[in-house]
Amino acid sequence: MTKSSERAFAVQDYDLAATLASGQAFRWQPHQDSWVGIISGRWVKLRHQNNSIIAQVAEPVQEWAWLTHYLQMETDLAHILAGFPDDAAMRSAINACRGLRLLRQDPWECLASFILSSTKQIVQIQQIIALLCQRFGDLLPVPSGHEPARNFPSAARIALLAESELRDCKMGFRAPYLLAAARSIATGRLDLNRVADLPLAEARAELVQLPGVGPKIADCVLLFAYGFPSAFPVDVWVMKALRELYFPRGKPTRQKLLHFTETYFGQNAGYAQQYLFHYMRTRRPARG
DNA sequence: CTCCAGGCGCCTT
DNA sequence: AAGGCGCATGGA
């Protein structure tokens, strides 16, 4: 296998734009007909053409597993969709966004990003993260003619910062949370690699110990970084979707709804959640 | 100007 | 156990 800086990957049922802009990851930038982002410390430009995803990198590489893994290209989406409950809401959601995928992100970047997400809209989260990377991320090689790119700052790097430096990135009351999380990881008190091997409930318990990380943020990380297929982040959007789509006239307690999410959607509940969320977010104008 | 956003943690009942 | 409130910031 020779090194190359561009490669095409055959894919089916892959909506690259919906996936990269769906609120799972916050650093992807549209660039004409392409998307520019950073994966595993590599600048990469992606575009969807016919039945392929075409990837360009800054420096030739031999191995592309970092990319196929991140994009979860091997995932059989049709199989997952076939396992969803067969009801009107799910059918509408699938119709609205077939091809939407779950990414497999770096745990630290994903955790940090979602700590910064609380009570913020997606655009604002993107702004905060852009500032953080611009100030504290390392420069990465980019092809000539492209804007400079920086890595997401490591936990070790952020652990050495002062809270005021984080506040200056406009993250407000989330600054001490991010700092404490970074320090937990930098000192080894929490080992993010170990979380991958735990059962779901234990993995969740580990993450929730971090300040600023509650059940919702923990489940985002479990789903978008670790790939726990039944992790099910419940935020106000999903709660609204569940009430409107499944209990239009009842008034179930939050408790009952949470139980519903744990039992109704099957082993790929996380995927089902992403479809419902995306459907809710896109079917009405002027939101999100 | 006021309101509130894809939560969390803490303080009340 | 369940519900209310403050938290920073910026955009509608």
Side-chain angles (χ1 to χ4, degrees), chain A residues 18-28 93 96-97 100 102-103 105 109-132 134-135 158 161-184 190 204-225 231-245 251-262 265 269-288:
Chain A
T19 300
L20 298 181
S22 62
Q24 301 175 60
F26 301 98
R27 292 240 282 153
W28 288 99
C97 42
L100 177 65
L102 292 178
L103 300 170
Q105 300 177 55
E109 176 169 346
C110 189
L111 172 65
S113 298
F114 280 95
I115 286 175
L116 299 176
S117 75
S118 82
T119 328
K120 283 287 180 199
Q121 292 173 335
I122 291 177
V123 192
Q124 297 174 303
I125 303 167
Q126 290 168 337
Q127 287 168 353
I128 296 171
I129 292 173
L131 273 174
L132 184 68
Q134 187 185 316
R135 293 185 183 178
I158 291 180
L161 298 176
E163 187 183 310
S164 59
E165 294 176 282
L166 294 177
R167 283 185 184 268
D168 288 346
C169 297
K170 312 203 182 286
M171 59 183 76
F173 62 84
R174 303 157 196 82
Y177 297 155
L178 180 63
L179 187 57
R183 288 182 176 163
S184 277
L190 175 62
R204 186 181 282 137
E206 283 290 309
L207 294 179
V208 164
Q209 283 183 36
L210 293 168
V213 179
K216 189 269 176 178
I217 290 175
D219 273 33
C220 285
V221 178
L222 293 170
L223 188 60
F224 303 143
F232 198 107
V234 179
D235 55 35
V236 296
W237 284 99
V238 169
M239 192 55 81
K240 198 159 124 59
L242 292 173
R243 287 188 195 278
E244 284 185 19
L245 300 173
K251 211 175 167 308
T253 61
R254 187 188 162 82
Q255 191 74 223
K256 279 214 185 290
L257 277 169
L258 289 181
H259 179 71
F260 179 72
T261 66
E262 286 163 13
F265 292 101
Y271 250 98
Q273 171 274 159
Q274 192 67 6
Y275 271 75
L276 287 177
F277 173 54
H278 196 268
Y279 175 53
M280 278 305 276
R281 204 163 68 87
T282 53
R283 80 178 174 150
R284 279 166 215 214
R287 273 309 200 182

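We use all heavy atoms of the structure for the numbers below, so side chains are in, but hydrogens, waters and symmetry mates are not. All chains are named by letter (A, B, ...) in the order of the sequence lines, taking the proteins before the strands, and each is independently numbered beginning at 1.
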Subject >> Per A/R174 side chain, nearest of listed nucleotides B/dG7, C/dA8, B/dC8 >> reply: C/dA8
Original post:
Separation of A/Q121 atom CD from B/dG7 atom C1', in whole Å?
Top reply: 14 Å
Subject >> C/dA8 phosphate, OP1 or OP2, under 4.0 Å from A/R167 side-chain N/O >> reply: yes
**OP:** Provide the distance between the two P atoms, one in B/dC8 and one in C/dG10, to the nearest whole Å.
**Re:** 22 Å
Original post:
What is the nucleic acid contact for A/V213, judged by heavy atoms within less than 4.0 Å: base, sugar-phosphate only, or nothing?
Top reply: sugar-phosphate
**OP:** Dot-bracket notation for DNA chain B is requested: 5' to 3', Watson-Crick or G-U wobble pairs only, both distances under 3.5 Å, with ( ), [ ], | and . as defined.
**Re:** .||||.|||||||
**OP:** Using a heavy-atom cut-off of under 4.0 Å over every strand shown, decide if A/P233 touches base, sugar-phosphate, or nothing.
**Re:** nothing
**OP:** With heavy atoms under 4.0 Å as the rule, sort A/Y177 into base, sugar-phosphate or nothing.
**Re:** sugar-phosphate
Subject >> Integer-rounded Å distance: C/dC7 C1' and A/L116 CG >> reply: 15 Å
**OP:** Using atom CG of A/L178 as one end and atom C1' of B/dG9 as the other, report the distance to the nearest whole Å.
**Re:** 17 Å
Original post:
Do the side-chain N or O atoms of A/Q255 get closer than 4.0 angstrom to the phosphate oxygens (OP1, OP2) of C/dA2?
Top reply: yes
**OP:** Identify the two heavy atoms, one from A/Y275 and one from A/C97, that lie closest to each other, and give their separation to 0.1 Å.
**Re:** CE2-O, 3.2 Å
Subject >> Whole angstrom value for the distance that separates C1' of B/dG7 from CZ of A/F173 >> reply: 7 Å
**OP:** Have a look at A/L166 and say if it touches a base, only the backbone sugar-phosphate, or nothing, with a 4.0 Å heavy-atom cut-off.
**Re:** nothing
Original post:
Heavy atoms under 4.0 Å, any strand shown: does A/K170 hit a base, just sugar-phosphate, or nothing?
Top reply: sugar-phosphate
Original post:
Checking all strands, does A/I217 fall into the base, sugar-phosphate, or nothing category for heavy-atom contacts under 4.0 angstrom?
Top reply: sugar-phosphate
Subject >> C1' gap between B/dG6 and C/dA2, integer Å >> reply: 22 Å
Original post:
Are the ring centres of A/F26 and A/F114 closer than 6.0 Å?
Top reply: yes
Subject >> Minimum-distance nucleotide to A/W237 side chain [options: B/dG6, B/dC8, C/dT9] >> reply: B/dG6
**OP:** Measure across A/G212 and A/I115 and return the closest heavy-atom pair with its distance rounded to 0.1 Å.
**Re:** O-CG1, 4.4 Å
Original post:
How would you label the contact of A/G23 with the nucleic acid (heavy atoms, under 4.0 Å): base, sugar-phosphate, or nothing?
Top reply: base
Subject >> Atom pair CG (A/L161) and CZ (A/R167), whose distance is rounded to the nearest 0.5 Å >> reply: 14.0 Å
Original post:
Can you check the A/F277 CZ to B/dA5 P distance for me, whole Å?
Top reply: 14 Å
Original post:
When you match A/C220 and A/P211 each to their closest nucleotide on DNA chain B, which lands nearer the 5' end?
Top reply: A/C220
**OP:** Report yes if at least one side-chain N or O of A/K216 is closer than 4.0 Å to OP1 or OP2 of B/dG6; otherwise report no.
**Re:** no
Original post:
Looking across every strand, which nucleic acid part, if any, lies under 4.0 Å from A/S117 by heavy atom: base, sugar-phosphate, or nothing?
Top reply: nothing
Subject >> Side-chain touch A/Q209/A/L190, heavy atoms, less than 4.5 angstrom >> reply: no
Original post:
Closest approach of A/V234 and A/T261, non-hydrogen atoms and distance?
Top reply: CG2-CG2, 4.4 Å
**OP:** Grab the CE-C1' distance between A/M239 and B/dG6 for me, whole Å please.
**Re:** 12 Å
Original post:
Between A/L100 and A/Y271, what is the shortest heavy-atom contact and its length?
Top reply: O-CE2, 3.8 Å
Subject >> d(CD1, A/I122; P, B/dA5) in whole Å >> reply: 14 Å
**OP:** Specify the separation, in whole Å, of atom CE of A/M171 and atom C1' of B/dG7.
**Re:** 16 Å
